[in-house]
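A short worksheet on the structure shown next.
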Amino acid sequence: MQETQSRKLRRHAWWWFLAAGAVVITVYLVVTPPVRHLFSPLLAGCATVAILVGIRWHRPRPSRSWYLFAAGMGLFTVADAIFGAFQASGTLVPFPSVADVLYLAAYPCFAAGLISLMAAWGSGVRWGAVLDAGIITLGMSTLAWAFIVMPYLRGHLSALPLTVSLAYPLADLLLLGIAAQLVLVSGVRLPTLGLFTLWVGATLAADALYYSTLAATGAPIAADVSYSLWMASYPLLGAGALHPSMAGTTRLVPRSQERLSPARMTVLTLPALLGPALLIADVGGVREQPMHVVAIASIVAVVTVLLVVRIMFLARFAEAQAHKARARARTAEDALRQQTSLQQQLTHQAFHDALTGLANRALFFERLEHSLGRPAAAQNTVLLLIDLDHFKDINDSLGHPVGDELLITVGHRLLGAARRNDTVARMGGDEFAILAEDLREIPAETYAQRFLDRFQEPFALSGHRSVFITASIGIVPITEPATFHDTLRNADVALYAAKERGRNRAQVFEPAMSQAQQDHARIAQDLRHALPRNELTVRYQPVIHLPTGQVTGVEALLRWQRGDRSPIPPEVFVPVAEDTGLIRPIGTWVLREACRHGRHLHDTIPRGEALSVAVNVSGQQLKDHRFPDTVRQILHETGFPPASLVLEITESTLVTDADTTYTHIRALRDLGVRISIDDFGTGYSSLAYLRDLPADIVKIDQSFVLRGGSEANKSLIKAILHIGHALDLDVIAEGIETPHQAQRLHTLGCPHGQGFYYSPPLSPTALEAYLTTQAILTPSRTHTSNPDELAQKSAEPE
């Protein structure tokens, strides 16, 4: 409670001190001597105490300026006491006296306090404020000269009284100059500085009135007014010290005051005109006294010089400001250019793919919508949706940096095939799109073929690496008004149809394709649950040594039975498994099952250790860098001999990233696993890669077996057999379904074959029974089987 009251007292003490001062001055004007002569030293002493109390309360740092003010006010207190004592006793006050010495000694204290206060701000010398204060002070000095100095000089005072008399106006001018500089620099932003300014103003006004009348008449006129102003200055200074803002006077940041406001310009101009006005008015007969004319003219000249210097400072400031303005303008212009460039970059980034620089989905969709909104042009608009075939294998085997480089190169080739005004965009991943408007000169299929032709050559990448990759294209000719979403959906359906029909082709959208896409989606969804539901099984078809009829191996074939529904053919669900990436876990499961059953056959069937087990491997599996380790792990888990495992690879797998494919095949060969090239003769047959590839077996595609016995077909089969013999490769013919086919192949010298003529794919149990009872098929029996027996074999349960 006491602390609250103390804070409240400190907050309002300055106001009470001012009010008390006003009461004292009012009483002073009412009472008569000799009592009234005690009021001035009383107020001066109270002001001194108030300054010391304010220092203790508010603790300004540094506080030396306020201690100097207290010292000056203390000197005033003693001087007023001496002066009042003479007056109260009725004794004539001597001049000069000790009181005059004390009065004059107080002015340096006040001046030092003002200088110390400005020095505490740490602002350095502000020449604009110094010049302004000098102009004001010199202007006022003309009045002091005319109304104080001149009368004193014309008088008959001796040297000491004259010196003391002139010291007072000089001290006032000093105080005025310093106080003016303080006011001009600070801008009087604190209440304490406002009270401080009023104290200086009251002091100077009292001195000017008192000494001017004293000099002119020999006695002060309106002395009570002067005394009242002096006494009023004391509570103003004391109240300033008691005000809470007093603590901030030593931490004030001076304001910039380089420019001249109209009010400030008026204040500077008027003092400069005072001297000429005094001369023109001939105040006190100044024109008849050359010494005084010279003095006033000199003061006016100095003021004029200061004004010129001030204007020069102002001009330099204006020039500097103009330079800064030009610099800011240049900076703003540069910033504007940078902002414009940045906006262009951001706009480009917003509508272009960061990797390839092609248009992105947003820009492509915008242009497609615009094109669909133009009925006249829509009849000649074609949308191509392009997807790279097996691009995931590139990323998985070579890494994403190589994949990104390939995408960039593909984008450049697509741009090279497109027309100037066509929109080529990357839709995301390995999918691109092309919008061709006003396509009148060529059919849509021919236009799409231009892009497919760009994939015929290998893509040369960094590190002297060449990659083969193909693309599938969905074509949507916009021949009638269509919605944005329908157009994109149709393009996606056509793209899927192109992939389903073998990839590396372009397919025009047909309405019937939508149903096929729905079937694909349904199969993909069911296939994801096929392994957990045990719907997948492995069947085995024997491989026969044609000259002897002996079973030398089996091929593992994947089958899918969805519950009570009819089986799904491999040619239907295997492409779906490859598209969805399910072929990898499914392929690993097939490999493990085949090795496990092969190990069982080796252990249970007489001479079963001679049987080999062939497993088909997809391109995605082979390009997986983990695949050789997976094979090694499965062989270790099952105990199946590596030499008895044959991995079958199609020709098309070999040409996509041949470096990675060959590296993994060599790693598999190092394990002891044999490699078979499946469907030989139907893909990208190349004697060069067949020569360099570490393969063991080639399988003649069933299309050569089913074509019959024409001389051309026989020549092709003989050529494959000769190649196999020359390269020390074993040869197996696939798809043998009749005795005539078996006989013809045997006659041509084909060593091995397989097909429904010998046996359909069998379950593990049926295979074990088949191998037990028919381990060796004699050539006579093999070639004399009739169709009824073949049908019976085909009907055997799996």
Side-chain angles (χ1 to χ4, degrees), residues 61-62 65 114-142 176-194 196-198 200-201 245 247-276 299-351:
R61 293 288 182 270
S65 55
L114 294 174
I115 294 173
S116 176
L117 189 63
M118 287 189 293
W121 297 343
S123 61
V125 178
R126 294 197 166 234
W127 290 109
V130 171
L131 290 173
D132 293 348
I135 293 170
I136 294 172
T137 303
L138 285 175
M140 293 298 104
S141 68
T142 59
L176 172 63
I178 299 174
Q181 183 179 353
L182 180 142
V183 171
L184 293 173
V185 170
S186 69
V188 193
R189 287 172 286 173
L190 297 177
T192 291
L193 291 180
F196 201 86
T197 304
L198 292 176
V200 174
S245 64
T249 55
T250 57
R251 298 190 296 271
L252 190 66
V253 178
R255 65 173 183 173
S256 177
Q257 196 52 271
E258 296 294 340
R259 68 182 186 87
L260 293 180
S261 63
R264 189 168 182 176
M265 196 65 193
T266 302
V267 171
L268 296 180
T269 305
L270 289 178
L273 299 177
L274 290 175
I299 295 173
V300 172
V302 175
V303 171
T304 303
V305 171
L306 292 182
L307 278 173
V308 172
V309 174
R310 185 67 175 93
I311 293 173
M312 290 175 59
F313 268 92
L314 187 62
R316 290 177 57 185
F317 172 74
E319 183 179 352
Q321 291 298 105
H323 178 72
K324 290 180 180 179
R326 289 193 295 270
R328 286 195 296 268
R330 288 193 298 269
T331 302
E333 186 178 352
D334 293 340
L336 182 60
R337 282 198 298 267
Q338 293 177 1
Q339 183 179 5
T340 302
S341 176
L342 179 60
Q343 287 178 345
Q344 292 174 350
Q345 293 177 10
L346 292 176
T347 301
H348 185 274
Q349 293 176 3
F351 292 102

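Keep in mind that what you see is a predicted model, and the values were worked out from it rather than measured.
To the nearest 0.5 angstrom, Leu193 atom CG is 6.5 Å from Leu117 atom CG. In this structure, CZ on Arg328 lies 10.5 Å from NE2 on His323, to the nearest 0.5 angstrom.
Side-chain contact between Leu114 and Phe196: present, with at least one pair of heavy atoms (C-beta onward) separated by less than 4.5 Å.
A donor-acceptor pair under 3.5 Å links the side-chain atoms of Thr331 to the main chain of Ala327, judged by distance alone.
Every residue meeting the side chain to side chain contact (heavy atoms under 4.5 Å, CB included) condition with Leu342, not counting sequence neighbours, appears here in chain and number order: Gln345, Leu346.
Nearest heavy-atom pair, Ser245 versus Leu190, reported as atom, atom and distance to 0.1 Å: O-CD1, 3.8 Å.
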